[in-house]
Amino acid sequence: MKQIAVVGAGTMGNGIAHVFAQTGFSVTLIDVNPGQLTKAIESIGKNLDRQIAKGTITEDQKQSTLKNITTTHDLLKGVTNAELIVEAATENVELKLDIFEEIDKAAPAGCILATNTSSISITKIAAVTKRPGMVIGMHFMNPVPVMKLVEIINGYATKKEVTDTIVELSKQLGKVPCVVNDYPGFIANRILMPMINEAICSLHEGVAGVEEIDTVMKLGMAHPMGPLQLADFIGLDVCLAILRVLQDGFGNPKYAPCPLLVNMVTAGKLGVKSGEGFYSYAGGNKELVVSKSFRK
């Protein structure tokens with residue numbers, strides 16, 4: 001397998017393209033927005049420069065990685081010769097279903113269709129294609145070039161040989177694959193999101209402040225990042241969407257998103273991406289500064 005197509009050139013998509021290209025695969029990065037493609041290549045270049053600064057790659061390796069990536073805004077053209085397609089579009093059910101219907105028509109018969117979804121049913125996505133046995137979840141963690149885990153999710157009809165191929169491919173990328181089954185939130189978000197939601201509820205109820213909640217989890221539970229800071233990093237809108245998938249999927253009120261989270265998303269306070277969430281990220285300050293809304 002050498003020909004990879006990545007659909008979506010946002011943070012996850014450009015990270016996925018980066019690791020495949022750096023490992024020697026030929027990557028076609030696809031996005032309907034040409035400006036996003038330009039931004040993605042710039043981001044990949046900057047991330048490669050960071051690797052050079054750390055001494056993990058050379059300038060020649062950077063250049064060969066960039067040469068391995070081509071871009072296009074034409075979805076059907078971009079997947080024509082692919083052996084594996086990794087969809088990394090926005091976490092929106094209808095959008096993903098539309099993309100999979102389209103790529104299923106244009107991709108070669110033996111092509112594996114993977115989705116980077118963090119919570120949406122693989123079985124539901126596979127059902128809109130004529131090759132459900134070739135559809136699988138390939139959930140990378142952010143930032144993709146750094147994080148080792150790939151959560152591999154079997155849909156109801158995913159063939160064992162497809163799973164085995166994706167496991168070995170993940171190892172080729174220097175990642176650690178973990179295979180799970182297709183239930184709401186899989187494993188990563190089924191465990192993570194209720195923790196984040198409980199942290200937000202604790203803040204909302206006045207049990208403790210932002211810094212106190214994060215400090216308890218960092219120093220007491222050995223988490224490298226507190227749940228509120230992590231929520232900001234993931235994006236509060238993404239956290240809300242995943243919690244709603246969990247709530248709908250299980251029909252259990254324990255997954256209901258905290259009203260504070262709902263209000264923050266409605267107000268556009270989405271975390272790092274908007275410049276403010278539980279912390280303020282204005283001015284590029286790398287020190288954690290609690291948002292004015294939560295200062296005592």
For the CD1 atom of I234 and the CG atom of N142, what is their distance to the nearest 0.5 Å? 9.0 Å

Check: R131 main-chain N/O paired with T129 side-chain donor or acceptor under 3.5 Å: yes

Where do V167 and V179 land on the side chain to side chain contact (heavy atoms under 4.5 Å, CB included) test, with the steps shown first? CA-CA 8 Å; V167 166; V179 179; 3.7 Å; yes

Show, in sequence, the C-alpha distance, side-chain angles and deciding distance for F278 and L236, and conclude whether the side chain to side chain contact (heavy atoms under 4.5 Å, CB included) test is met. CA-CA 9 Å; F278 296 105; L236 302 192; 3.8 Å; yes

Ignoring hydrogens and angles, state whether a donor on the side chain of T23 or Q172 is under 3.5 Å from an acceptor on the partner side chain. no

For P257 and Q247, which heavy atoms make the closest approach, and how far apart are they? CD-OE1, 3.6 Å

Which distance, rounded to the nearest 0.5 Å, do you find between the CG of L29 and the CD1 of I69? 7.0 Å

Side chain to side chain contact (heavy atoms under 4.5 Å, CB included), paired with I103, selected from I30, L76, L75: L75

Looking at every non-hydrogen atom in both residues, tell me the closest pair between A199 and I213 and how far apart they are. O-CD1, 3.6 Å

Rounded distance [0.5 Å steps], CG in N197 versus SG in C258: 6.0 Å

Check whether any side-chain N or O of E276 sits under 3.5 Å from a backbone N or O of L270 as a donor-acceptor pair, and report yes or no. no

Is a donor on one side and an acceptor on the other found under 3.5 Å between the side chain of N154 and the backbone of I136? no

For Y281 and D232, run side-chain hydrogen bond (donor to acceptor under 3.5 Å, both in side chains): C-alpha distance rounded to whole Å, both residues' side-chain angles, the deciding distance at 0.1 Å, then the answer. CA-CA 10 Å; Y281 304 91; D232 276 355; 2.7 Å; yes

Any donor and acceptor pair, going by atom type alone, linking the side chain of K62 with main-chain N or O of D49 inside 3.5 Å? no

For Y279 and V289, what are the C-alpha separation, side-chain angles and deciding distance, and is it a side chain to side chain contact (heavy atoms under 4.5 Å, CB included)? CA-CA 5 Å; Y279 295 90; V289 178; 5.8 Å; no

List the atom of I152, the atom of S170, and the distance in Å for their closest heavy-atom pair. CD1-OG, 3.8 Å

Report, as yes or no, whether the 6.0 Å neighbourhood of atom OH on Y183 holds more than 12 heavy atoms from other residues, nucleotides or ligands. no

A9 to N14 - nearest heavy-atom pair and separation: O-ND2, 3.9 Å

Any chance NZ of K2 has more than 12 other-residue heavy atoms, nucleotides or ligands included, within less than 6.0 Å? yes

Does some side-chain heavy atom of F25 sit less than 4.5 Å from a side-chain heavy atom of L173? yes

So Q229 and L288, do their side chains get closer than 4.5 Å, heavy atoms only? yes

Pair N189, S119: side-chain N/O donor-acceptor within cut-off below 3.5 Å: no

Under 4.5 Å between any side-chain heavy atoms of F20 and Q22, yes or no? no

Considering all heavy atoms, the nearest P227-M195 contact: CB-CE, 4.0 Å

Same apolar cluster: L95 and I125, side chain cutoff 4.5 Å: yes

Out of curiosity, T28 OG1 to N81 CG, how far, rounded to the nearest 0.5 Å? 8.0 Å

Are any side-chain N or O atoms of T158 and backbone N or O atoms of V135, one a donor and one an acceptor, separated by less than 3.5 Å? yes

From CD (E87) to NZ (K96), nearest 0.5 Å: 3.0 Å

More than 12 heavy atoms of other groups within 6.0 Å of H73 NE2: no

Should V6 and M1 be regarded as members of a common hydrophobic cluster, given that ILVMFWY residues are connected when their side-chain heavy atoms come within less than 4.5 Å of each other, either directly or indirectly? yes

Tell me whether K39 at atom NZ has more than 12 heavy atoms from other residues, nucleotides or ligands lying less than 6.0 Å away. no

What are the two closest non-hydrogen atoms of G133 and V162, and how far apart are they? O-CG2, 3.5 Å

S121 side-chain N/O to K124 backbone N/O, donor-acceptor pair under 3.5 Å: yes

Check whether any side-chain heavy atom of L240 lies under 4.5 Å from a side-chain heavy atom of M264, and answer yes or no. no

Go through the steps for K273 and V238 under the test side chain to side chain contact (heavy atoms under 4.5 Å, CB included), then give the verdict. CA-CA 11 Å; K273 70 174 79 175; V238 176; 4.0 Å; yes

Given side chains that start at C-beta, do those of T65 and L48 come closer than 4.5 Å, heavy atoms only? yes

Counting distance only, does the side-chain N/O of E101 pair as donor-acceptor with the main-chain N or O of D98 below 3.5 Å? no

Can you measure from CD1 (I122) to NE2 (H139) and round to the nearest 0.5 angstrom? 10.0 Å

same_hphob_cluster(I196, I187) at 4.5 Å side-chain heavy-atom cutoff: no

Less than 4.5 Å apart, side chain to side chain, heavy atoms only: is that true for Q3 and S26? yes

Any donor and acceptor pair, going by atom type alone, linking the side chain of K175 with main-chain N or O of V144 inside 3.5 Å? yes

Is K160 paired with D164 through a side-chain N to carboxylate O contact shorter than 4.0 Å? yes

Report whether L169 and L113 are members of the same hydrophobic cluster (ILVMFWY, side-chain heavy atoms less than 4.5 Å apart, transitive linking). no

Quick one: does R244's side chain get under 4.5 Å of V262's, heavy atoms only? yes

Within 6.0 Å of OH in Y156, more than 12 heavy atoms from elsewhere: no

With a 4.5 Å cut-off on side-chain heavy-atom distances among I, L, V, M, F, W and Y, is there a chain of contacts connecting V128 to V245? no

Surrounding NZ of K269 (heavy atoms of other residues, nucleotides or ligands, distance under 6.0 Å), is the total greater than 12? no

With a 4.5 Å heavy-atom cut-off, do V27 and N68 have their side chains touching? no

Given 3.5 Å as the limit, does a donor-acceptor pair link the side chain of E91 with the main chain of S118, or not? yes

